[in-house]
Amino acid sequence: MISPKTKTTVYKIGNFAGQEVVIQGWLSNSRSSGSVHFLTIRDGTGFIQGVVAKNEVTPETFQTANTLGQESAVEVSGIVREEKRAPGGYELTIKDLKQIGPSENYPITPKEHGIDFLMEHRHLWFRSQRQQAILKIRHEIIRAIRDYLDSQGFVLVDAPILTPSACEGTTNLFEVQYFEDKAYLTQSGQLYMEAAAMALGKVYCFGPTFRAEKSKTRRHLTEFWMVEPEMAFCHLEDSLQVQEGLVSFIVSRVLENRKKDLEFLKRDTTKLEKITSPFPRISYDESLEILKKKGLNPIWGNDFGGTDETILTEQFEKPVFVTHFPMACKAFYMKQDPVRPELAVCADLLAPEGYGEIIGGGQREEDLELLKNRMERMKMEKEPYQWYLDLRRFGSVPHGGFGLGIERTVSWICGLEHVREAIPFARTLYRIYP
RNA sequence: UCUGGCGUAGCUCAAUGGUGGAGCAUCCGGCUGUUAACCGGAGGGUUGCUAGUUCGAGUCUAGCCGCCAGAGCCA
C-alpha cells in the first residue's frame, strides 16, 4: 500500500503542483510511444494523463503500465506537473503504479458505438466523461430544486409509490400484486400533496413516477422523476411565480457550478444565460393563433403535439407558460375558469429549443359539489376518492401546484437528444436491463 | 397500437444476385510526447430466425424476432 498521507483526487490536483501524490482510479485509455506510456486515469472527479517513462521507473512498473487493460483499477503515485498541453492543465509523472483490479476486453472501446449497445452496457457507459458530466448536472439540478423550495418555506412530504387507484387514467398504470389485492405504481403524488398542503401550507414531494404508456419518443420514459410542489391559499399566478423562480434558479446554479460539464457537452450556454424571471405567458387561445400564423391547422380542444410545441417554443428565447387549456384535455381535479367554464385554470411550461413540456400544473377544484359533478360526468368511482373529497369538506381553500419532470429538465439544460441519457438507468418501453 | 427505417466479426460499418471485407478492440512486434496516437503482423463469421424464388441469396419475396426514429398519450 502506498502511503495514504498524500492521497488526493484529480479535481484537487492543482493544489499539489511539484509534490508527489497518490491517485486511486481507473485507466480510461492508454497510449504508448515505446519507452513512454501515456495513461489516462479517471477517479470520478476528473481525468488526468499519467506519464510512465522507462528510465524513471522500475522494469516491473513499466511492464505493468504496458499491460494494463482499459478500465483496470489502479493506484498511482506520481509528481504533479503543470503542463500546457494537458486539457486540465496538469499531468502526473508516475513513479509507482499498482493494479488493484484487472480489466480485460472492456466492451466500450474509444470508438463510436450504437445506442442499443451503449444502453445494454449502461452500467459501464456512465464511466465515460460525457455521461459523468450529465449525471453531475442532474445532481446539481436536484440539489438546486431542494435548496430553492426549502428556502421558500416548503416542507418535503414523501408521497407513496404504491397506490390503491389511479390519479388520472387507469390504462397507463403499472399494476402490481399487493397481497390479496391489486395496487398500482404511482403516476403522480399530487393528490397526496393536496392533503399535505392542507396540513402544512406549502409542500413538495420528490420521487419516481411510473407510466405504462407505450410511448416511444425522445421525451418518454416509463419510470421518471418528478418534483411536485403544492400550495394552499394559492392562485394560478402565485404558482407561476414559484415556477419561474424555481426554473431560473436551477439554470443559474448549473451555470455557476457546472460550467465545465456544460462545456464538455458542447452546450450553448448563451441560450441558458437568457433564462431569467419572468417568463412570457400566453393563453391556449393565443397559442392557437400563433400556430395558425405559422401555417398549422390546430383544432380547438386538442392538446399540443410535438410539432406544435416545437413551433410555439421557437417564438421565445425563454420557457413559455401556456395557460387556460380546454377542460376537455385536463384531469378531473382541475379548477374550471369561473368566467369561461370550458377552460381550466392551469398552465404548462414549455422549455425552449424544442424540449417541450417540462411542467404541468394548475389550480385544483376546491368546491365539493363541482368536483363531485365532474367525477360523475367522467363516470369515475367515488368510493376510492372519499379521502380526497374530505379535503373539500373540511376547510377547503383555493390551492394549486405543479409537477416538474426532472429528466426533461436535465435533457434541456444539457442539450441532449434523448431523455434516456438524463437518468442513470433508463426504463423505456423495450428496456428494463440493466 | 400505427407509419417508416435498420439487422453482416466483440464494436462501427462496406460488399452490382456470382470466392464475405475494412477500421477499432484483442494477441505479437516497433517507436521517448501521445491526446479516438501511429506503423507492421496474426487470430476472429450459422450475414437475426424460418420458409420460398434461383444453377447460385448477405443481397430478391413472405412470415416472425430484435432495435431505431416518429405519431397518438404525456412530464
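All figures in this text were calculated on a predicted structure; none of them were measured in a lab. Here is how names work: the chains are called A, B, and so on, in the same order as the sequence lines, proteins then strands, and each is numbered from 1.
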query = Tell me: CD of A:Gln70 to C1' of B:A37, nearest whole Å?
reply = 15 Å
ask   = For the residue pair A:Leu391 and A:Leu191, what are the closest heavy atoms and their distance?
value = CD1-O, 4.4 Å
query = Where the side chain of A:Val51 is concerned, which of B:G33, B:C74, B:A37 is the nearest nucleotide?
reply = B:G33
task = Evaluate whether atom CD of A:Glu317 has more than 12 neighbouring non-hydrogen atoms of other residues, nucleotides or ligands under 6.0 angstrom away.
result = no
task = Evaluate whether atom CG of A:Asn297 has more than 12 neighbouring non-hydrogen atoms of other residues, nucleotides or ligands under 6.0 angstrom away.
result = no
inquiry  = Heavy atoms from C-beta onward define the side chain here; which of B:C73, B:U32, B:A75 lies closest to that of A:Arg408?
reply    = B:A75
request  = Figure out the NZ/P separation between A:Lys330 and B:C73, and round it to whole Å.
outcome  = 12 Å
inquiry  = So for A:Glu104 and B:U26, does any side-chain atom that can act as donor or acceptor lie under 3.5 Å from a complementary atom in the base?
reply    = no
task = In whole angstrom, give me the gap between the P atoms of B:A36 and B:U46.
result = 34 Å
message = Would you measure the distance from the C1' atom in B:G43 across to the matching atom in B:G4 and give it in whole Å?
response = 40 Å
request  = Provide the distance between the two P atoms, one in B:U16 and one in B:G20, to the nearest whole Å.
outcome  = 13 Å
request  = Using whole Å, report how far CZ of A:Phe117 lies from P of B:A9.
outcome  = 12 Å
ask   = Can you tell which of B:C74, B:G10, B:A37 lies closest to the side chain of A:Asn29?
value = B:A37
query = Does A:Phe224 lie flat on the base of B:A75, that is, centres under 5.5 Å apart and planes under 30° off?
reply = yes
message = What's A:Arg130 touching, base or sugar-phosphate or nothing? Going by heavy atoms closer than 4.0 Å.
response = nothing
task = Determine the Euclidean distance between corresponding P atoms of B:C11 and B:G29; express it in Å to zero decimal places.
result = 27 Å
query = When all nucleic acid strands are considered with a 4.0 Å heavy-atom cut-off, which category describes A:Arg420: base, sugar-phosphate, or nothing?
reply = sugar-phosphate
message = Between A:Tyr148 and A:Phe154, is the ring centroid distance below 6.0 Å?
response = no
request  = Using the P atoms only, state how far B:A62 lies from B:C67, rounded to an integer number of Å.
outcome  = 22 Å
query = So does A:Glu376 have more than 12 non-hydrogen atoms from other groups sitting under 6.0 Å from CD?
reply = yes
task = Determine the Euclidean distance between corresponding P atoms of B:C64 and B:U3; express it in Å to zero decimal places.
result = 12 Å
query = Charged N to carboxylate O under 4.0 angstrom, A:Asp285 versus A:Arg340?
reply = yes
Minimum-distance nucleotide (side-chain atoms of A:Met226 versus B:A25, B:U35, B:A75) = B:A75
ask   = Roughly how many Å is it from CG in A:Asn105 to P in B:G43, rounded to a whole number?
value = 18 Å
request  = Remember a base hit wins even if backbone is also touched, and classify A:His121 as base, sugar-phosphate or nothing at under 4.0 Å, heavy atoms.
outcome  = nothing
request  = Sort out the partner of B:A71 for me: Watson-Crick or G-U wobble, both distances under 3.5 Å, none otherwise.
outcome  = B:U1
inquiry  = Could you tell me how far apart A:Asp348 (CG) and B:A75 (P) are, to the nearest whole angstrom?
reply    = 7 Å
task = Check every atom of B:U32, B:U35, B:G10 against the side chain of A:Gln49 and return the nucleotide holding the closest atom.
result = B:U35
ask   = Base, sugar-phosphate alone, or nothing: which one does A:Ser32 contact when heavy atoms must sit under 4.0 Å apart?
value = base
task = Round to the nearest Å and state the distance from A:Arg211 atom CZ to B:C73 atom P.
result = 14 Å
key: Between B:U34 (C1') and A:Phe38 (CZ): distance, integer Å   = 4 Å
request  = Identify which nucleotide among B:A71, B:A25, B:G33 has an atom closest to any side-chain atom of A:Arg219, counting heavy atoms from C-beta outward.
outcome  = B:A71
task = Starting at atom NE2 of A:His220, determine the distance to atom C1' of B:G72, rounded to an integer number of angstrom.
result = 9 Å
key: Span that lies between the P atom of B:G48 and that of B:C74, in whole angstrom   = 39 Å
inquiry  = Which nucleotide wins on minimum distance to the side chain of A:Ser33, given the candidates B:C74, B:U12, B:U32?
reply    = B:U32
key: Listed nucleotide nearest any side-chain atom of A:Thr217, set B:G72, B:U12, B:U32   = B:G72
task = Identify whether any heavy atom of A:Leu221 sits under 4.0 Å from a base atom; if not, whether one sits that close to sugar-phosphate; answer base, sugar-phosphate or nothing.
result = base
ask   = Given the P atoms of B:G52 and B:G58, what is the spacing between them in whole Å?
value = 15 Å
ask   = Base, sugar-phosphate, or nothing for A:Glu120, non-hydrogen atoms under 4.0 angstrom?
value = nothing
ask   = Which heavy-atom pair separates A:Phe38 from A:Ser33 by the least distance, and what is that distance?
value = CE1-CB, 4.1 Å
